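A quick write-up on the structure given underneath.
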Amino acid sequence: YETGSGEITFPSPINSTDSTVKGFGVGARLGATVWQTVFAGIDTRFSMPKLAESTLNQDVKSKSWNGGPMIGIQMPTPLALRLFGSWILAGELDPDADKGVDAKFKNAKGFRIGGGVRVGIVSLNAEYQYIKYDESEVSESGIFTPAYNPDSLALKNKSLIVSVSIPIGL
């Protein structure tokens with residue numbers, strides 16, 4: 001489950017507005033042990049959160065994905081503490097159209113850092129995520145002037161993610 005807050009930068013006449021992202025998703029970390037307790041691989045996520053923002057008063061369903069390389073450590077004990085981090089190199093957040101505005105946030109860049117406790121085959125995890133989407137694709141511009149620059153639309157988001165995973169060593 002993800003819950004976060006951020007800021008959307010709109011073109012004139014709005015400029016910027018506060019936003020929230022909340023919802024469920026799925027993720028996968030695919031990697032291998034590279035040295036004793038150190039593991040590395042790829043971290044990918046797909047979610048369908050609600051995106052809300054205060055200026056246009058939107059509260060819409062969205063589709064989101066992101067991914068990038070990750071590295072972590074895990075204690076080799078029955079009650080294993082795990083620490084991991086990911087560098088987000090790609091991703092999109094595509095909110096549904098609302099109030100005449102249909103924009104997709106693209107070119108996600110950021111990071112995710114977190115930890116967990118592995119008990120048996122299950123790991124309980126908590127992570128902090130920062131993502132900046134600095135490109136956009138606008139198919140409906142709503143209240144914005146016809147001469148606006150779609151690249152002036154950006155989203156910054158800071159989230160807390162709580163998850164359950166099943167780490168499998170091959």
Side-chain angles (χ1 to χ4, degrees), residues 1-11 14-31 39-74 80-99 101-119 122-138 150-168:
Y1 183 79
E2 173 183 357
T3 181
S5 63
E7 177 183 69
I8 300 175
T9 304
F10 284 117
I14 296 176
N15 296 327
S16 68
T17 183
D18 293 331
S19 64
T20 60
V21 174
K22 293 182 181 184
F24 289 94
V26 294
R29 289 187 186 99
L30 181 61
F39 58 91
I42 301 295
D43 182 1
T44 59
R45 309 287 171 104
F46 176 79
S47 62
M48 297 179 71
K50 293 271 272 187
L51 174 68
E53 64 79 26
S54 57
T55 299
L56 296 178
N57 199 26
Q58 292 178 314
D59 190 5
V60 295
K61 294 178 183 176
S62 303
K63 292 183 182 95
S64 175
W65 69 268
N66 62 67
M70 64 93 186
I71 191 163
I73 60 172
Q74 176 175 299
L81 294 177
R82 308 173 79 221
L83 299 173
F84 39 83
S86 300
W87 184 19
I88 300 167
L89 299 177
E92 294 182 352
L93 177 72
D94 186 7
D96 290 347
D98 188 37
K99 308 227 180 351
V101 176
D102 189 7
K104 179 190 294 186
F105 298 98
K106 300 167 60 172
N107 195 32
K109 301 282 190 251
F111 65 91
R112 196 169 13 252
I113 188 164
V117 177
R118 182 175 177 174
V119 180
V122 175
S123 180
L124 306 173
N125 310 302
E127 300 169 85
Y128 171 78
Q129 170 179 276
Y130 173 82
I131 298 181
K132 180 179 180 185
Y133 302 87
D134 58 6
E135 289 182 16
S136 59
E137 180 181 299
V138 179
D151 287 335
S152 64
L153 200 61
L155 169 63
K156 294 178 189 172
N157 188 57
K158 300 172 187 171
S159 294
L160 176 63
I161 301 168
V162 179
S163 65
V164 176
S165 62
I166 303 173
I168 300 171

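Predicted model only: the values in this text are computed from it and were never measured.
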Sorted by chain and residue number, the side-chain contact (heavy atoms from CB on, under 4.5 Å) partners of T44 (sequence neighbours excluded) come out as A28, I42
| query | Any side-chain heavy-atom pair from P49 and L93 closer than 4.5 angstrom? | reply | yes
Sequence neighbours excluded, the answer for side-chain hydrogen bond (donor to acceptor under 3.5 Å, both in side chains) partners of S165 is N125
Looking only at heavy atoms, the pair that brings N157 and S5 closest together is OD1-O, 3.3 Å
Rounding to 0.5 Å, atoms NZ (K158) and CD (E7) come to a distance of 9.0 Å
Next on the checklist: Is the shortest side-chain heavy-atom distance between Y133 and K156 below 4.5 Å?
Outcome noted: no
Exercise. Are F84 and Q74 close enough that some pair of their side-chain heavy atoms sits under 4.5 Å apart?
Worked result: no
**Report entry** E137/K106 ion pair, N-O < 4.0 Å
**Finding:** yes
Here the gap from K104 atom NZ to L155 atom CG, rounded to the nearest 0.5 Å, amounts to 14.5 Å
Scanning both residues in full, the closest heavy-atom pair of A103 with P95 reads O-CD, 3.1 Å
Closest non-hydrogen atoms of I131 and A108, given as atom of the first, atom of the second and distance, are CG2-CB, 3.7 Å
Problem - Check: L89 main-chain N/O paired with K109 side-chain donor or acceptor under 3.5 Å - result: yes
Can I get a per-line list of side-chain donor-acceptor pairs under 3.5 Å for residues 58-71, giving both atom names and the distance, sequence neighbours left out?
unit_1: Q58; atom_1: NE2; unit_2: D98; atom_2: O; d: 2.9
unit_1: S64; atom_1: OG; unit_2: E92; atom_2: O; d: 3.4
unit_1: N66; atom_1: OD1; unit_2: R112; atom_2: NH1; d: 3.2
unit_1: N66; atom_1: OD1; unit_2: R112; atom_2: NH2; d: 3.0

In short, F105 meets L51 closest at the heavy-atom pair CE1-CD2, 4.3 Å
Those residues at least two apart in sequence (or on a different chain) that pass side-chain contact (heavy atoms from CB on, under 4.5 Å) with F111 are I113, Y128, Y130
Side-chain contact test, heavy atoms from C-beta onward, threshold under 4.5 Å: evaluate it for T3 versus V21 and give yes or no. no
To the nearest 0.5 Å, atom CD1 of I8 lies from atom OG1 of T17 at 6.5 Å
Contacts of F46 meeting ring pair (Phe, Tyr, Trp, His ring centres under 6.0 Å) (sequence neighbours excluded), chain-then-number -> none
Evaluate the side-chain proximity of Q129 to S159: yes if any heavy-atom separation is below 4.5 Å, no if none is.
yes
- Item | Basic-acidic side-chain contact under 4.0 Å: E127, R45 | yes
When rounded to the nearest 0.5 Å, the distance separating OG1 of T20 from NZ of K50 is 10.0 Å
All heavy atoms of V117 vs all of L81, minimum pair found to be CG2-CD2, 3.7 Å
Residues at least two apart in sequence or cross-chain that pass salt bridge (Lys or Arg N to Asp or Glu O under 4.0 Å) with R82, listed by chain then number, are none
